[in-house]
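To start, the structure itself, in structure tokens.
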Amino acid sequence: MRDPASFRDPSGYVFSSGDRIFRAINDQAHCNFARFRSSGAYEDLRSKGWIIAADEVDAAASDRAGPHTLEHPKLRFISYPYEWPFTLLKRAALRHLEIHLRALDFEFTLSDASAYNVQFIGTAPIFIDTPSFIPYREGDYWAGQRQFIEQFVNPLLLRSLFGIAHNAWYRGALEGVPTRDIAHLIGPLKRWLAPNLLTNIALPDLLQRKAQQATAPVQGKPRPLPKKALLFMLRRLQRWISRLQPRDVGPTEWQDYGDSNVSYAGDEESRKRAFVAEFSRAAAPSCAWDLGCNTGEYCEVLLRNNAKSAIGFDLDHNALEAAVGRASTGRLQFLPLYSDAANPSPRQGWAEVERLGLHSRAGADAVIALAIVHHLAIGKNVPLASVVGWLTGLAPRGVIEFVPKSDPMIARMLQLRKDIFADYDKDHFEQALGRHCRIARTLELSPGGRTLYEFERRAT
């Protein structure tokens, strides 16, 4: 099956056959790849773990006729820049620059600078677009400069300069944040006086506007860009991006939830962790999802108990930054991503298939949804049965926590609003769960209080 996201690449396309991932490339791309391998650049970058493996295979082995075929290892999950927390977007930007600088050592450059060419294994970025490596010629300009600024730098500046998370803006503008928009936000004084903003924002914006206003074509060829100048440009960007930090906009609601919540008493939290650990040891999921992962505590529980990898989703940006820190410090195969469960990433882009929705990418063996049902059913007015149906549709087995109305958290949620949720109770929850799944185990953390349900989805 052809991947609809690779249609823009004139050198070839990605397709799958069964559980294998292939890339068909034309003669020129194949020649470039052969030179890339023989130069030593491929082996150097692979040994660092910076680029994905690519092995040439016979076209017949892939069940697809074509001039040349490469095979790549299959990644557990494809994520998009509008789902990455600030730190992961920053890591992806720096990895892209590191790869470009190292490729230039072998006389290769990158033909573009798309952020979608980077994916993550845990929290480690890896470059996946092999045909982007092309031979460098002295004097070549950086073809992907504008793309790099708009898909990496400008989204980082939104958070770094203004405290605005890039995710919603990026999702609504798949090619990144336009330089003109950032220039307007920064204002004329700052963008002309700060050196990095001048060279990467103000001047490119000025040149773009002049080009659009020009009535006659530009005469002559542009002056060649010496390699030293290109290297200087890339290293300067590298230094600048490495210093960017999220602007402190104060504590968020959930970043300290694990340390300060009063929803559990006595040994309830330790019993909850033990329940999830036992589930993970028995299920041994290849990839587990945690909806509402917060700082990643329960993703770590999964990974310490037989899960091979975990993906956590949350909408609290500070909590996600803490989750990235947890994953990095513990060297966990854990990828924290931004997602609002009531408004997850949709199918979008060209023909609405270029970027797949969250559910279309679901490949989890297990899902945990701890203390999230009430936020959707009461906080977002999603019918309880719909919440249960959506959660159980993400994986064949999992653990869901039900929080009753008597819980202090729900009492706080209903303090200033009318209780219109007549069917939000344990009986209705169990009925909804039973329509889709077999309830394998339960644990009531306190009498009449929060309850954990381990489920196994029925075959359809």
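Everything numeric in this text was worked out from a predicted model, so none of it was measured. Along the sequence shown, residues are numbered consecutively beginning with 1.
Relative orientation of the Phe152 and His96 rings is tilted, given thresholds of 30° and 60° on the angle between their planes.
Side chain to side chain, Asn305 and Arg281 meet the donor-acceptor criterion of an N or O pair below 3.5 Å. A donor-acceptor contact closer than 3.5 angstrom links the side chains of Ser360 and Arg347. Defined by atom type and a distance below 3.5 Å, a donor-acceptor pair is present between the side-chain atoms of Thr179 and Asn154. No hydrogens or angles considered: a donor-acceptor pair under 3.5 Å links the side chains of His428 and Asp425. Side-chain contact check for Arg8 and Ser114: no donor-acceptor pair (N or O, by modelled atom type) lies under 3.5 Å.
A salt bridge links Glu278 with Arg441: at least one charged nitrogen is closer than 4.0 Å to a carboxylate oxygen. Here Arg355 does not pair with Glu83 in a salt bridge; the nearest charged N to carboxylate O distance is not below 4.0 Å. Ion pairing between a basic and an acidic side chain is recognised when a charged N comes within 4.0 Å of a carboxylate O; Arg304 and Glu300 show such pairing. A salt bridge between Glu43 and Arg46 is absent, with no side-chain N of the basic residue lying under 4.0 Å from a carboxylate O of the acidic one. Between Glu456 and Arg438 a salt bridge is recorded (basic side-chain N to carboxylate O distance below 4.0 Å).
None of Asp314, Asn167, Leu358, Ile311 except one satisfies the side-chain contact (heavy atoms from CB on, under 4.5 Å) rule with Leu337; the exception is Ile311. If you run ring-ring contact (aromatic ring centres under 6.0 Å, His included) between Tyr453 and each of Phe402, Phe279, Phe275, Phe429, only Phe429 comes through.
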Apply salt bridge (charged side-chain N to carboxylate O under 4.0 Å, His left out) to Glu268 and Arg271, showing your working. CA-CA 5 Å; Glu268 290 178 10; Arg271 292 168 61 213; 5.7 Å; no
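Under the 6.0 Å distance and 45° angle rule, Arg171 does not count as a cation-pi partner of Tyr80.
More than 12 heavy atoms of other residues, nucleotides or ligands sit less than 6.0 Å from atom NZ of Lys308.
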